[in-house]
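A short write-up of the structure that comes next.
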Number of protein chains: 2
Amino acid sequence: MDFGEAAAVIRSALDAEQLCLVVGACIVRYEGRAASKLSEGDRLLVIKPDGTFLVHQGKGMTAINYQGPGAVVKAEATNEELVVTAERSKPMREVIEAHFKRIDFAQSFYMRDDSKLKLFGSERELAKLLAQDLHLIEKGLVPVQEESSLPKGAIDILARDALGHLVVIELKRRDAGLDAATQLARYVSELRKRKGEVVRGILCSPKITPNALKMLEEKGFEWFKLDYEIANPSAKIRGLQKKQKMMTEF
Amino acid sequence: MDFGEAAAVIRSALDAEQLCLVVGACIVRYEGRAASKLSEGDRLLVIKPDGTFLVHQGKGMTAINYQGPGAVVKAEATNEELVVTAERSKPMREVIEAHFKRIDFAQSFYMRDDSKLKLFGSERELAKLLAQDLHLIEKGLVPVQEESSLPKGAIDILARDALGHLVVIELKRRDAGLDAATQLARYVSELRKRKGEVVRGILCSPKITPNALKMLEEKGFEWFKLDYEIANPSAKIRGLQKKQKMMTEF
DNA sequence: GCGATCAGCGGCACG
DNA sequence: CGTGCCGTTGATCGC
């Protein structure tokens, strides 16, 4: 397939709001929030009707070069190459150029798709479940709605314990690291200052790194091992266990 | 194209370590770290030789469903559908299934590509530049190598000022938020405890959110507005300006 | 291998 | 819009 034909395919795809696929050897240049250069190699170019522009190599999950939705795509053919550009101004002016030196394939496809992904086991879903079963953490714990969203971020779950003390619960669907412990500390600290009362902090996650656990202990926070299961229609919390290094080790 | 032919194309692509593209109407199911269901619609399926499995809709940058490198891909055709599965066990057992009810296109491509992306303007590059021009921040500031990597993360740049005080410099290539301010605070606090001496904290970024700036001020840290430019072969720092709300406002 | 962080992060939800 | 933060985050670097 020659460059002129490929350019025509791309233009017609853009015009008809169709997905366009191009396979061939190309060089890619990008300049915008950063800048990059990719020397010649065989790649797949995906152009979507919304302006999305993806350059994929033969391996790895992520596109090696890309432009997000909202880009204006153009195709220009000469005798020596096909240049496909995508330009946008949204976060800032950004341009990507793919210079094809060889075209193996170029075709467009009409894709009708109104479906949205249904996802189960998100943190949001787990938080909802856990808020209804706070006794799994501790007897007498009740959820509170008030003030659960600070100007500095939203608290996953806010509750009061049997003594009436505020409890900030930070939930992580996967292993917690320093960032999670830090985030919890920030919320607790902010709430203490704001309310001027005793505030406890609890981190719930399937696992935790040693450093993060150490930080929790130093700050007097607690960690609960979260055991949950992802059934297909929804998620279920199997249990919560307080697992913390004791100060008194035998 | 019928399901049997498409299955044959996929199998031969896997065998020959080629990229394979499939376009058609499908349902997608995923179960692993989370679970998801996507009802029928037209999609592009990209299968890479390394096991990468990407399901793309007609819009948006990210794959709506996917499986990372290392997955084992299989294709099975019946009279009613083509089922393509990808299974892996790396972070945990994960399975994705695409059930094609209609095939518009299926083809494989040999893609030779040994090139690696050259990226300019990364944080790493900026840090290297800035470390050589610390006078842009303050006269008398000199870089220190010692202890720049704590057990809890690595400090971007560690320096000593004219008075001999340690200075932790946290660099952000883009707008800094609460997380950046928190991170700086963590490093400074750790270093103070570890060294038992005065430690200053400086955040350098093109922009900063009001909350993050407020947190810096509360903790007595400083913010420098970073002005840099991304030339194509490398990045250049144009300047650094101390920009902080003064306690004494007129 | 784990642990921490960066990413041209992207995407979403909330104010 | 910005601000914050989750993500089946992925990818990278250091230990």
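The structure presented is a predicted model; accordingly, all values stated were derived computationally and were not measured. Chain letters run A, B, ... following the sequence lines, proteins first and then strands; every chain starts at 1.
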Side chain of [X] - closest among [options]:
X: B/M61; options: C/dG10, D/dA11, C/dC6; result: C/dG10
X: A/T62; options: D/dG10, C/dA4, C/dC6; result: D/dG10
X: B/A34; options: C/dG10, D/dT8, D/dT9; result: D/dT8

Touch class at under 4.0 angstrom, heavy-atom based, for [X] against every strand present:
X: A/G121; answer: nothing
X: A/P210; answer: sugar-phosphate
X: B/R124; answer: sugar-phosphate
X: A/S36; answer: nothing
X: B/K90; answer: nothing
X: B/E31; answer: nothing

Round to the nearest Å and state the distance from [X] atom [atom1] to [N] atom [atom2].
X: B/D50; N: D/dG10; atom1: CG; atom2: C1'; value: 13 Å
X: A/L119; N: D/dC6; atom1: CG; atom2: P; value: 15 Å
X: B/Y66; N: C/dG11; atom1: OH; atom2: P; value: 13 Å
X: A/M215; N: C/dA4; atom1: CE; atom2: C1'; value: 12 Å
X: B/K207; N: C/dG8; atom1: NZ; atom2: P; value: 19 Å
X: B/I230; N: C/dG8; atom1: CD1; atom2: P; value: 10 Å
X: B/K59; N: C/dG10; atom1: NZ; atom2: C1'; value: 16 Å
X: B/K116; N: D/dA11; atom1: NZ; atom2: C1'; value: 12 Å

Please measure how far the [atom1] atom in [N] lies from the corresponding atom in [M], and state the result in whole Å.
N: D/dA11; M: C/dG11; atom1: P; answer: 16 Å
N: C/dA4; M: C/dG8; atom1: P; answer: 22 Å
N: D/dT8; M: D/dG4; atom1: P; answer: 22 Å

With side chains defined as the heavy atoms from C-beta onward, is the minimum distance between [X] and [Y] less than 4.5 Å?
X: A/L44; Y: A/V55; result: no
X: B/E87; Y: B/E94; result: no
X: A/L14; Y: A/K74; result: no

Practice task
State, without any angle test, whether A/S122 and A/R173 hold a side-chain donor-acceptor pair at a distance under 3.5 Å.
Solution key: no
Exercise for the section: Kindly say whether B/K214 contributes a backbone atom to a donor-acceptor pair with the side chain of B/K219 at under 3.5 angstrom? Expected result: no
Exercise for the section: Nearest-nucleotide wise, let me know which of B/R173 and B/A154 is further upstream toward the 5' end of DNA chain C. Expected result: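 The residue whose closest nucleotide sits nearer the 5' end is B/A154.
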Fill in the blank from the handout: By nearest-nucleotide position on DNA chain C, the 5'-leaning member of A/D175 and A/I96 is A/D175
Exercise for the section: Mark yes or no for a side-chain to base donor-acceptor pair under 3.5 Å between A/Q67 and C/dG8, with no hydrogen or angle criteria applied. Expected result: yes
Exercise for the section: Report yes or no: is there a donor-acceptor pair, N or O only, under 3.5 Å between the side chain of B/N65 and the base of D/dT8? Expected result: yes
Practice task
Give the C-alpha distance, both sets of side-chain angles, the deciding distance and a yes or no for side chain to side chain contact (heavy atoms under 4.5 Å, CB included) between A/M111 and B/V23.
Solution key: CA-CA 9 Å; A/M111 300 222 305; B/V23 177; 4.2 Å; yes
Fill in the blank from the handout: Secondary structure of DNA chain C per the Watson-Crick/G-U criterion (both distances under 3.5 Å; [ ] crossing, | other strand, . unpaired) is |||||||.|||||||
Handout entry: From CZ (B/R238) to CG (B/D227), nearest 0.5 Å
Key = 4.5 Å
Exercise for the section: Give a yes/no on whether any side-chain N or O of B/R33 is located under 4.0 angstrom from OP1 or OP2 of D/dG10. Expected result: yes
Handout entry: Contact under 4.0 Å: B/Y187 side-chain N or O vs C/dT5 OP1/OP2
Key =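 Checking C/dT5 against B/Y187, a side-chain N or O does come within under 4.0 Å of OP1 or OP2.
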Problem - Contact nearer the 5' end of DNA chain D, comparing A/L171 with B/R88 - result: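 So the residue in question is A/L171.
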